[in-house]
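The shown structure was predicted, so the numbers you read here are calculated from the model rather than taken from an experiment.
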Amino acid sequence: MKKLIKQKETFLTDMLDGLLITQPELTVIADTVVVKREKKTSGVAIVSGGGSGHEPAHAGYVAQGMLDAAVCGEIFTSPTPDKILEAIKYVNNDAGVLLVVKNYAGDVMNFEMAQEMADMEGINVEMVIVKDDIAVSNEEQRRGVAGTVLVHKYAGYLAEQGNTLEEIKEQLDVFIPTIKSLGMAISPPLVPTTGKYGFDIEDDQMEIGIGIHGEKGLHRTKMQDIERITQSLLSELFKEIKANDIIVMVNGMGGTPLSELNIATKFISNYLKAEDIVVAKWLIGDYMTSLDMQGFSITIVPNQPQYLEAFNAKTSSPYFH
């Protein structure tokens with residue numbers, strides 16, 4: 001296995017040590033893997049997290065205007081309830097804490113347990129679950145993928161605007177169902193903890209509907225050029241999106257050069273222009289990755305003035321462009 005690591009057992013701690021060098025305003029709470037920024041004296045606190053391997057999610061979004069804390073599990077492994085509780089207790093300032101959770105069984109179970117423990121300690125905690133991956137037909141079982149980052153940004157914006165915990169959850173409950181994502185990959189990630197690739201694939205094949213934990217797609221097909229790939233993804237997305245004014249995120253999966261993301265963006269734009277669909281904002285880059293998987297996902301949200309204002313609002317995160 002070729003990986004730029006010291007040893008697989010210290011992947012997470014070594015990564016966080018490096019993060020703190022470049023972002024000294026962050027801190028890892030002692031004896032946990034919770035990354036936090038300076039505690040707010042007022043306002044709702046936003047906490048998210050999950051397994052590592054999705055960088056810059058989630059620790060990269062601990063910043064003014066986004067998250068107050070992120071709880072980092074081992075690679076592709078949910079953090080434990082006690083560590084999530086540690087984050088809740090640290091950021092709580094009596095205005096309440098909102099948990100943003102991706103719809104994976106381990107994440108949902110552990111964050112729910114932490115919420116229950118926080119409730120027993122008198123902390124007001126609400127939770128929202130992101131289910132934006134349309135590759136899964138059953139809406140209740142849809143995975144939380146790149147659209148989760150948009151929830152981080154919108155939730156952080158609402159908190160900065162002084163909304164109460166109940167108001168933020170109410171607005172997110174409207175926002176989250178509008179987020180639709182679909183991804184593809186031409187190569188799997190190499191997982192350091194196992195030394196194995198997420199899946200096997202031939203050079204002339206590609207996966208459609210991949211997850212963010214090294215899962216193969218929901219179906220496999222012959223490799224196509226990028227124009228046909230974007231057409232295929234967008235045609236599926238617009239089976240569920242009924243809007244001609246949208247916000248678009250083109251998300252790299254970790255191993256895709258920016259040049260290729262820009263090429264994908266060109267053909268996404270061509271498709272949308274041909275359909276008379278206006279893009280109010282583009283977000284291009286690595287937002288929610290799967291280690292070094294080569295591929296990308298498209299996330300679309302119907303534009304609303306409050307969403308556009310939120311995504312344009314200032315944040316100190318260097319990763320939300």
Dump the intermediate steps for side-chain contact (heavy atoms from CB on, under 4.5 Å) on K169 and V128, then the final yes or no.
CA-CA 7 Å; K169 184 178 186 304; V128 294; 4.0 Å; yes
Output, in order, the C-alpha distance, side-chain angles, deciding distance and verdict of side-chain contact (heavy atoms from CB on, under 4.5 Å) for K39 and N92.
CA-CA 8 Å; K39 181 177 178 178; N92 178 51; 5.7 Å; no
Show your working on side-chain hydrogen bond (donor to acceptor under 3.5 Å, both in side chains) between Y157 and E309 and close with a plain yes or no.
CA-CA 9 Å; Y157 167 79; E309 185 175 334; 2.6 Å; yes
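Contact annotation: the side chain of F175 approaches that of V301 to within less than 4.5 Å [non-hydrogen atoms, C-beta and beyond]. You'll find the side chain of F111 stays beyond 4.5 Å of the side chain of K102, heavy atoms only. Counting heavy atoms from C-beta outward, I268 and W282 have side chains that approach closer than 4.5 Å. The shortest side-chain heavy-atom distance between F238 and L272 falls under the 4.5 Å cut-off. Between T41 and N93 the shortest side-chain heavy-atom distance does not fall below 4.5 Å. With a 4.5 Å cut-off on side-chain heavy atoms, V62 and Q23 do not count as touching. No side-chain heavy atom of Q231 sits under 4.5 Å from any side-chain heavy atom of F267.
Aromatic ring pairs are classed by plane angle as parallel below 30°, tilted from 30° to 60° and perpendicular above 60°; the pair H58 and H54 is perpendicular. Note: Y61 and F320 have perpendicular aromatic rings, judged against thresholds of 30 and 60 degrees for the angle between ring planes.
Aromatic ring centres of H213 and Y104: separated by under 6.0 Å.
Side-chain contact, N312 with K281: a donor N or O sits under 3.5 Å from an acceptor N or O.
Salt-bridge formation is not detected for the pair D68/K36: no Lys NZ or Arg NE/NH1/NH2 atom is positioned less than 4.0 Å from an Asp or Glu carboxylate oxygen.
Summarising the geometry, atom OG1 belonging to T27 is positioned 12.0 Å from atom CZ belonging to R37; distances are rounded to the nearest 0.5 Å. Going from atom CG of L4 over to atom CG of D292 covers 10.0 Å, rounded to the nearest 0.5 Å. Rounding to the nearest 0.5 angstrom, the gap separating the CD1 atom in I179 from the OH atom in Y307 is 8.0 Å.
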